[in-house]
Amino acid sequence: QVQLVESGGGLVQAGGSLRLSCAASGSIFSINAMNWYRQVPGKQRELVAAITRGGSTNYADSLKGRFTISRDNAKNTVYLQMNSLKPEDTAVYYCNADVRRRIATPYQNYWGQGTQVTVSS
């Protein structure tokens, strides 16, 4: 099996920073895209940022300039550096990845359990 475990969430004041991490473990041959999503109660889960294995990145337009996604392929880990946080960034943040468990098999999509980020005003 494959597990994605997020860490780094918590409570921070507006204007502060947090760095989220997501480590993938288990039966892994390779990982393609790694992504961060977020969700607030009653709303749809939304894409925050995405990064390919080669390091190409994509961000939600509203977050460009404040959030930075990066990854360490050797550690099967993706990061999300969040700066200048606002109360509206409060959400559960989820890690997501396309994982190939064995050579010549299809990539499968996996989710982490989520980590709460709360930004106080």
Side-chain angles (χ1 to χ4, degrees):
Q1 268 295 355
V2 173
Q3 297 84 38
L4 300 180
V5 179
E6 301 101 335
S7 60
L11 174 64
V12 64
Q13 287 190 330
S17 298
L18 281 175
R19 189 192 194 209
L20 305 183
S21 299
C22 171
S25 63
S27 177
I28 297 172
F29 176 76
S30 68
I31 302 177
N32 195 3
M34 300 188 82
N35 314 300
W36 287 99
Y37 285 77
R38 68 184 184 183
Q39 189 171 25
V40 298
K43 291 193 175 181
Q44 210 166 6
R45 193 171 294 189
E46 63 173 354
L47 179 67
V48 172
I51 186 167
T52 66
R53 183 171 181 81
S56 296
T57 59
N58 186 39
Y59 296 92
D61 287 341
S62 61
L63 301 176
K64 287 179 182 177
R66 294 196 297 122
F67 288 14
T68 303
I69 189 170
S70 60
R71 66 189 283 173
D72 184 333
N73 290 333
K75 295 182 179 179
N76 289 333
T77 299
V78 62
Y79 307 96
L80 185 68
Q81 178 67 41
M82 305 185 293
N83 298 328
S84 303
L85 283 162
K86 304 175 182 180
E88 51 264 43
D89 294 318
T90 296
V92 178
Y93 284 72
Y94 295 91
C95 175
N96 172 267
D98 292 326
V99 179
R100 175 176 279 170
R101 297 179 62 189
R102 297 181 186 84
I103 190 170
T105 59
Y107 284 96
Q108 295 177 287
N109 191 254
Y110 293 88
W111 289 91
Q113 82 287 350
T115 185
Q116 176 71 45
V117 171
T118 303
V119 184
S120 64
S121 57

> So do R45 and W111 actually touch side chain to side chain, heavy atoms under 4.5 Å?
Replying inline: yes
> Are D98 and N32 linked by a side-chain donor-acceptor pair shorter than 3.5 Å?
Replying inline: no
> Looking at side-chain heavy atoms only, is the closest gap between C95 and V78 below 4.5 Å?
Replying inline: yes
>> Contact between T52 and M34 at the side-chain level, heavy atoms closer than 4.5 Å - yes or no?
In response: no
> Between the side chains of N83 and S17, does any donor sit under 3.5 Å from an acceptor?
Replying inline: yes
> Side-chain heavy atoms under 4.5 angstrom apart, residues restricted to Ile, Leu, Val, Met, Phe, Trp, Tyr: same cluster for V48 and L18?
Replying inline: yes
> Atom CG of L20 and atom OG of S7: how far apart are they, to the nearest 0.5 Å?
Replying inline: 8.0 Å
>> As an exercise, state the distance from CD of Q81 to OG of S70, rounded to the nearest 0.5 Å.
In response: 8.5 Å
> Does R38 make a cation-pi contact with Y94, if we ask for NZ or CZ under 6.0 Å from the ring centre and within 45° of the axis?
Replying inline: no
> Are M82 and W36 close enough, and set up right, to give a side-chain contact (heavy atoms from CB on, under 4.5 Å), and what steps lead you there?
Replying inline: CA-CA 12 Å; M82 305 185 293; W36 287 99; over 6 Å; no
> Are V2 and Y37 in one and the same hydrophobic cluster, where Ile, Leu, Val, Met, Phe, Trp and Tyr link if side-chain heavy atoms are under 4.5 Å apart?
Replying inline: no
> To the nearest 0.5 Å, what is the distance between CZ (R66) and OG (S84)?
Replying inline: 7.0 Å
> If you round to the nearest 0.5 Å, how far is CD1 of I69 from SG of C22?
Replying inline: 9.5 Å
> side-chain contact (heavy atoms from CB on, under 4.5 Å) between N35 and I51: does it pass, once the steps are laid out?
Replying inline: CA-CA 6 Å; N35 314 300; I51 186 167; over 6 Å; no
> Got a second to check how far K86's NZ is from S121's OG, nearest 0.5 Å?
Replying inline: 14.0 Å
> So do V117 and D89 actually touch side chain to side chain, heavy atoms under 4.5 Å?
Replying inline: no
> Should the pair Y93 and F67 be assigned to parallel (<30°), tilted (30 to 60°) or perpendicular (>60°) ring geometry?
Replying inline: tilted
> Is the backbone N or O of Y110 less than 3.5 Å from a side-chain atom of N96, with the two atoms forming a donor-acceptor pair by type?
Replying inline: yes
>> In the structure I gave you, are the side-chain heavy atoms of I31 and Y107 within less than 4.5 Å of one another anywhere?
In response: no
> When rounded to the nearest 0.5 angstrom, what is the spacing between OG in S30 and CZ in R102?
Replying inline: 13.0 Å
> Is any side-chain heavy atom of Q108 less than 4.5 Å from a side-chain heavy atom of R101?
Replying inline: yes
>> Under 4.5 Å between side-chain heavy atoms, counting indirect links through other Ile/Leu/Val/Met/Phe/Trp/Tyr residues: same cluster for V119 and L63 or not?
In response: yes
> Hey, mind stepping through T90 and V40 against side-chain contact (heavy atoms from CB on, under 4.5 Å) and telling me if it holds?
Replying inline: CA-CA 7 Å; T90 296; V40 298; 5.8 Å; no
> Are any non-hydrogen side-chain atoms of T68 and L80 less than 4.5 angstrom apart?
Replying inline: no
>> Cation-pi check for Y79 against R71: NZ or CZ below 6.0 Å from the six-membered ring centre and within 45 degrees of the axis, yes or no?
In response: no
> Hey, does T118 have a side-chain heavy atom less than 4.5 Å from the side chain of V12?
Replying inline: no
> Do Q113 and E6 have a side chain donor and acceptor closer than 3.5 Å?
Replying inline: yes
